[in-house]
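Numbering of ligands and ligand atoms starts at 1, following listing order.
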Amino acid sequence: MARYIFPEDFLWGAATASYQIEGAHDEDGKGESIWDRFSHTPGKIWDEETGDVTCNHYHLYREDVEMMADLGLNAYRFSISWPRIFPGGGGKPNLKGLDFYRRLVEKLHQHNIKPAVTLYHWDLPQALQDKGGWNNRDTANYFADYASFLFQSLDLPVDRWITLNEPWVVAYLGHAFGIHAPGLSDFSTALQVGHNLLLGHGLAVRRFRDAKRDGEPIGITLNLAPVQPYSDSDEDARAAKNTDGFMNRWFLDPLFKGTYPQDMVDIFSRAFTLPETSAGDDALISEPVDFLGINNYTRVLVKASASEDDFMGNPVNPSESEYTEMGWEVYPRGLYELLVRVHRDYGPLPLYVTENGAAFEDKLQKDKTVNDERRINYLQGYLLECWNALEQGVPLKGYYVWTWMDNFEWAFGYSKRFGLVYIDYATSKRYPKNSAYWYKKVISCNGLEI
Ligand code: IFM
């Protein structure tokens, strides 16, 4: 048996997001979010499902944290629902909303689980969408005010703060491809939205420094994927470079180099309107952070298409590979390549894998077990590559499985199960899958035994 031991202070966590697990969509003064509106719009979500109840975590959070403690987690990443705190986006805060997160953080501390708080995991107050949403630069200021309120009012220790989750997804799936809330389909709008999100991030980081929460780090989480050319032809290499520019560098470069990548500025400007910017935006966006969170699930393999400006390539799915229920290729080595590359090109900076996991078709057996062998293999493969990256000197400090429990998978509704814990949605009962027990063992050994 080979043993792969991680650093002593490594964080072993799981991640969730407010709209995906909380339910209680209109309780205790919560305002409507764009996901409430979107999921209630016919035709948007698989089987017309909504997050109205989902895992009912808002009421069952104590049980959830106790189960996390039983399974040995030492870290938990969750997000705060902005419209629970500011039902109208800004103005008067809803103290009942704040109280929920206070109780959750308190409960996590009681069980020695370190809370990582994401401030924005996609549930924008609908009231702000009515004023233009993230396409309106003012939303960045509203976001900074909301964040600042939490920096001042969440008066319990927070292990780390994450401003935004996956701005790429917010910008493009929500505003260019129309499959996420608010359901718009205009690429130039998506570019502006991406810019305004990054402004919101920078403003929040500045407000965080003012709040003097000493010893608490702040960062951002990006969804990143290693992009590889299908062949060694120049055309495929160019397609891969463009796709990498679109998927990865368009957010990494302004955050960590203070400027958008010129090759992509050239490509985008030939087809779309570039974002409106103001003096000082670059400095604001690249305000130094304390860590970077990386969400990775798969790789992107691309073949060139006819246009030299193509930045989405022709994605190729090799037939010999394994795929998850999302249709995503299982490619653990990609996480190693990504971590090494991000460290090389954008470091030195502590890194966290803030999401990694897989949806498979899980079945609850009569004896209430779920034998999710494929998830165990997936997680083991990706964790081994985290270990390999650590061996190469990458400052990887923690890993959060996506996700703690099955939940509302956005446009896919409840049709995809990513959790370590199985949810019976009819009863809200939780059943740890075999992968949860496997993860418990990994945590107790502080590594893998293969
Ligand atoms: O469920 C999502 C999560 O909200 C953000 N990252 C990807 C996950 C799986 O699609």
Side-chain angles (χ1 to χ4, degrees), residues 13-23 33-36 38-39 44-46 49-51 54-55 57 76-82 116-124 162-175 177 179-182 194 197 219-226 247-248 251 292-300 315 323-331 334-335 338 352-362 372 374-375 378-379 382 399-423 425 435:
T16 62
S18 46
Y19 188 74
Q20 293 181 274
I21 65 163
E22 285 178 1
S33 80
I34 55 173
W35 272 95
D36 291 310
F38 193 68
S39 67
K44 299 296 183 193
I45 310 291
W46 187 84
E49 289 169 332
T50 74
T54 177
C55 310
H57 170 76
Y76 173 55
R77 171 180 178 232
F78 64 93
S79 78
I80 293 188
S81 158
W82 181 349
V117 172
T118 305
L119 294 167
Y120 187 70
H121 199 128
W122 311 352
D123 38 3
L124 184 74
I162 296 168
T163 54
L164 306 176
N165 182 69
E166 303 182 353
W168 185 97
V169 172
V170 178
Y172 298 110
L173 298 197
H175 301 80
F177 308 137
I179 53 180
H180 275 196
L197 281 158
I220 185 169
T221 279
L222 301 179
N223 56 301
L224 302 175
M247 301 218 45
N248 301 318
F251 286 92
L292 171 65
I294 295 177
N295 294 354
N296 172 253
Y297 292 85
T298 189
R299 72 162 162 177
V300 178
Y323 294 87
T324 70
E325 277 291 293
M326 298 293 282
W328 296 343
E329 186 189 7
V330 179
Y331 191 76
L335 180 54
L338 185 64
Y352 290 81
V353 172
T354 40
E355 285 182 27
N356 170 247
F360 288 115
E361 220 184 308
D362 299 319
D372 56 341
R374 292 182 69 193
R375 180 171 295 100
Y378 177 101
L379 295 173
Y382 277 79
Y399 173 91
Y400 299 80
V401 176
W402 185 268
T403 173
W404 169 246
M405 55 191 163
D406 297 336
N407 58 46
F408 179 82
E409 177 54 27
W410 308 111
F412 294 96
Y414 297 99
S415 65
K416 309 287 176 211
R417 292 181 178 270
F418 274 90
L420 291 172
V421 174
Y422 184 94
I423 300 286
Y425 292 107
S435 57

query = Taking side chain as C-beta onward, heavy atoms only, is M247 less than 4.5 Å from W168?
reply =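 Yes; the side chains approach each other to less than 4.5 Å.
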
What protein heavy atom sits nearest [atom], and how far away is it?
| atom | result |
| --- | --- |
| atom 8 (C) of ligand 1 | Y297 OH, 3.4 Å |
| atom 10 (O) of ligand 1 | E409 OE2, 2.6 Å |
| atom 7 (C) of ligand 1 | E355 OE1, 3.2 Å |

inquiry  = Can you tell me which portion of W328 lies within the under-4.0 Å heavy-atom range of ligand 1? Options are side chain, backbone, both, or neither.
reply    =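 It is the side chain that gets close, since no backbone atom is under 4.0 Å.
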
inquiry  = Taking salt bridge (charged side-chain N to carboxylate O under 4.0 Å, His left out) as the definition, give me every residue that meets it alongside E329, ordered by chain and number, with sequence neighbours left out.
reply    =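 Partners of E329 by the salt bridge (charged side-chain N to carboxylate O under 4.0 Å, His left out) criterion, ordered by chain and then number, come out as R299.
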
query = Can you check whether E166 has an N/O within less than 3.5 Å of an N/O in ligand 1?
reply =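 In this structure, E166 places an N or O atom under 3.5 Å from an N or O of ligand 1.
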
query = If we only count N/O pairs under 3.5 Å, is Q20 in contact with ligand 1?
reply =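 Right, the criterion is met.
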
request  = Going by the ring pair (Phe, Tyr, Trp, His ring centres under 6.0 Å) test, name the single residue among F38, F412, Y172, W35 that passes it with H180.
outcome  =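 The ring pair (Phe, Tyr, Trp, His ring centres under 6.0 Å) with H180 is passed solely by W35 among F38, F412, Y172, W35.
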
request  = Among W46, W122, F418, find the residue that satisfies the ring pair (Phe, Tyr, Trp, His ring centres under 6.0 Å) test when tested with W410.
outcome  =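 Of W46, W122, F418, ring pair (Phe, Tyr, Trp, His ring centres under 6.0 Å) with W410 is met by W122 alone.
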
query = Numbering the atoms of ligand 1 from 1, which are under 4.0 Å from a heavy atom of H121?
reply =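 Result: 3 (C), 4 (O), 5 (C).
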
task = Flag the pair E355 and R77 as a salt bridge only when some basic side-chain nitrogen lies within less than 4.0 angstrom of an acidic carboxylate oxygen.
result =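 A salt bridge links E355 with R77.
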
query = If you measure from the Lys or Arg side-chain nitrogens to the Asp or Glu carboxylate oxygens, is any gap between D362 and R375 under 4.0 Å?
reply =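 Looking at R375 together with D362, the answer is yes, because their closest N to O distance falls below 4.0 Å.
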
